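If you're wondering where the values come from, they're calculated on a predicted model, not measured in any experiment. Numbering of residues begins at 1 and proceeds along the displayed sequence. Whatever order the structure lists ligands and atoms in, that order sets their numbers, starting from 1.
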Amino acid sequence: MSNCSSFQQAGGIRPIRYSNNVLSLLDQRKLPTEVLWLDYTDYREVAEAIRSMVVRGAPAIGITAAYGALFGARDIKADDYAGFVSAFDEVCAVLAATRPTAVNLCWALERMKSLIRANPEQSVNNLKIGLEYEAMAIAEDDVRINMNMGRHGAALLPEQVRILTHCNAGALATGGYGTALGVIRAAVAAGKQVVVYADETRPFLQGARLTAWELQQDNIPTILICDNMAGYLMAKGEIDAVIVGADRIAANGDVANKIGTYTVAILAREHNIPFYVAAPISTIDLSLADGSLIPIEERDASEVTHVGSQRLAPEGVAVRNPAFDVTPARLISAIITEHGVAQGDYLTTLAGFVRRGGR
Ligand code: MRU
């Protein structure tokens, strides 16, 4: 593990690095007060990094899991195809069990597994080499996908726009550039005048800690607000659009995203403000008919009772801590993907986008 004191990459934050067989993750639990990089070569430690939120955000979790699977594969002793496949499935099961809501995790592991399925004639050694290329491709594809998504999304925005976002769907949540924040970056690059309102996003404070920090790196004007201020600002006419990311999108367009997203969507509808979701097609889960079927992660009570190590609530109080909620498709003005923008008939359009992406 290594600590890196200087960190400066405007617009180019890459929270996941891989070189010389080592995965380095920017520890997102420490931002913005400390910039710490942690190094990994063991798949069990990678699984723990995902579980404990060293890395978070649906696409970033998927990329990290792919590298974890690679490390697990390298440790497999079996040199026959069947033995390798069965051991690799076990590695993937450990990684898949880390966080249940973001479908990109299983999507990335499935992509790694299909490489093996497609090449039964290859030696185990060659399969391991192929897995390394596949993990790197997943990481690189993600940045390109986000830039395409940004282009499609920016076209929806007026020349001057005040955008509310919830959680962090930025470079830190992806391989780079971001989904919701990628749309914002693309709008800024196109010369639009953008001001971002960042919800602090209790309880993990991804908005206050991560979105505010990463937008500052790019000098994008940002105003941090507490989650309960959005309605007031909408009623005052200070918000023109909402853009959020997604952890899983059901076939009908229902969207699971960070807890509190649903509340923002209802507020946006009440105030006639467009509510946009930006997500790659790897976030679309056509196997689920609607959002009620999306598994919602419940996290530790201490995230609610404490801020950092500081206890806020009395000992012994009962707590609920669902990490995500589901926004029904009817509240969503458009879903922005790398293949274009879905509006209205999500069932047909999303399935078409997924087919186009070869899934
Ligand atoms: O619990 P987190 O921080 O992993 O949740 C992240 C979100 O909810 C993001 O909005 C979502 O993953 C989209 S990231 C491009």
Side-chain angles (χ1 to χ4, degrees), residues 13-16 25-29 31 49-65 98-108 139 142-143 145-150 153 164-185 198-211 213-215 227 242-249 255-265 275-285 291 294-300 303-304 321-327 332 335-338:
I13 297 165
R14 299 274 185 113
I16 303 165
L25 299 175
L26 178 56
D27 188 346
Q28 302 196 26
R29 303 165 306 180
L31 288 172
I50 297 171
R51 194 176 296 110
S52 66
M53 312 268 277
V54 170
V55 61
R56 31 65 51 200
I61 292 170
I63 295 164
T64 305
T98 51
R99 296 199 68 192
T101 304
V103 74
N104 308 62
L105 172 62
C106 294
W107 170 87
D142 189 61
V143 180
I145 283 167
N146 291 337
M147 297 188 86
N148 283 336
M149 200 185 307
L164 176 69
T165 190
H166 191 74
C167 195
N168 173 267
L172 289 168
T174 62
Y177 203 69
T179 57
L181 298 193
V183 171
I184 287 168
R185 286 198 164 90
D199 270 348
E200 64 172 347
T201 318
R202 278 276 291 154
F204 209 72
L205 301 173
Q206 289 95 332
R209 296 188 305 103
L210 307 177
T211 297
W213 181 78
E214 96 164 60
L215 291 177
D227 297 335
V242 178
I243 309 181
V244 297
D247 285 82
R248 196 183 295 226
I249 303 177
V255 167
N257 190 50
K258 180 53 55 193
I259 191 77
T261 302
Y262 173 46
T263 318
V264 176
F275 181 93
Y276 300 120
V277 173
I281 60 159
S282 54
T283 306
I284 300 169
D285 185 351
I294 298 176
I296 299 296
E297 176 182 11
E298 291 262 353
R299 292 189 61 85
D300 198 87
E303 290 180 357
V304 176
N321 186 15
F324 301 94
D325 59 26
V326 176
T327 299
I332 298 168
I335 297 177
I336 302 155
T337 77
E338 68 272 35

May I ask you to list the atoms of ligand 1 that are less than 4.0 angstrom from any heavy atom of [X]?
X	value
Ala58	12 (O), 14 (S)
Ala169	14 (S), 15 (C)
Gln206	1 (O), 2 (P), 3 (O)
Lys258	1 (O), 2 (P), 5 (O), 8 (O)
Ala173	14 (S), 15 (C)
Phe324	1 (O), 5 (O), 8 (O)

Taking every non-hydrogen atom, the tightest pair across Ile61 and Ala102: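 Result for this residue pair: CD1-CB, 4.3 Å.
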
Exercise: identify the closest heavy-atom pair between Thr283 and Ala246: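 Of all heavy-atom pairs spanning Thr283 and Ala246, the closest is CG2-O, 3.5 Å.
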
Close approach, Met53 and ligand 1, non-hydrogen under 4.0 angstrom: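 Checking ligand 1 against Met53, which is what was asked, there is a heavy-atom contact under 4.0 Å.
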
With heavy-atom distances below 4.5 Å as the criterion, would you say the side chains of [X] and [Y] are in contact?
X	Y	answer
Asp142	Ser282	no
Val326	Arg248	no
Asn257	Thr327	no

Nitrogen or oxygen of [X] less than 3.5 angstrom from that of ligand 1:
X	answer
Cys167	no
Thr179	no
Thr174	no

More than 12 heavy atoms from other groups under 6.0 Å of CZ on Phe275: yes

With sequence neighbours excluded, residues passing side-chain contact (heavy atoms from CB on, under 4.5 Å) with Thr263: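 By the side-chain contact (heavy atoms from CB on, under 4.5 Å) rule, Thr263 matches no residue at all.
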
Proximal candidate to atom 13 (C) of ligand 1 [heavy atom criterion; set Gly178, Ala246, Gly57]: Ala246

Proximity to ligand 1 by part of Pro59, non-hydrogen separation under 4.0 Å: side chain

Within reach of ligand 1, part of Arg99 (heavy-atom separation under 4.0 Å): side chain

Side chains of Asn168 and Arg56, donor plus acceptor under 3.5 Å: yes

Candidate pair Gln206 and Thr211, rule side-chain contact (heavy atoms from CB on, under 4.5 Å), full reasoning: CA-CA 7 Å; Gln206 289 95 332; Thr211 297; 5.6 Å; no

Protein contact to atom 11 (C) of ligand 1 [nearest heavy atom, distance to 0.1 Å]: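 In this structure, atom 11 (C) of ligand 1 has Asp247 OD1, 3.1 Å as its nearest protein heavy atom.
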
Taking atom 9 (C) of ligand 1 as the reference point, the nearest protein heavy atom with its distance: Asn257 OD1, 3.4 Å

Point-to-point distance, once rounded to the nearest 0.5 Å, from CD1 of Ile145 to OG1 of Thr179: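 These two atoms lie 11.5 Å from each other.
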
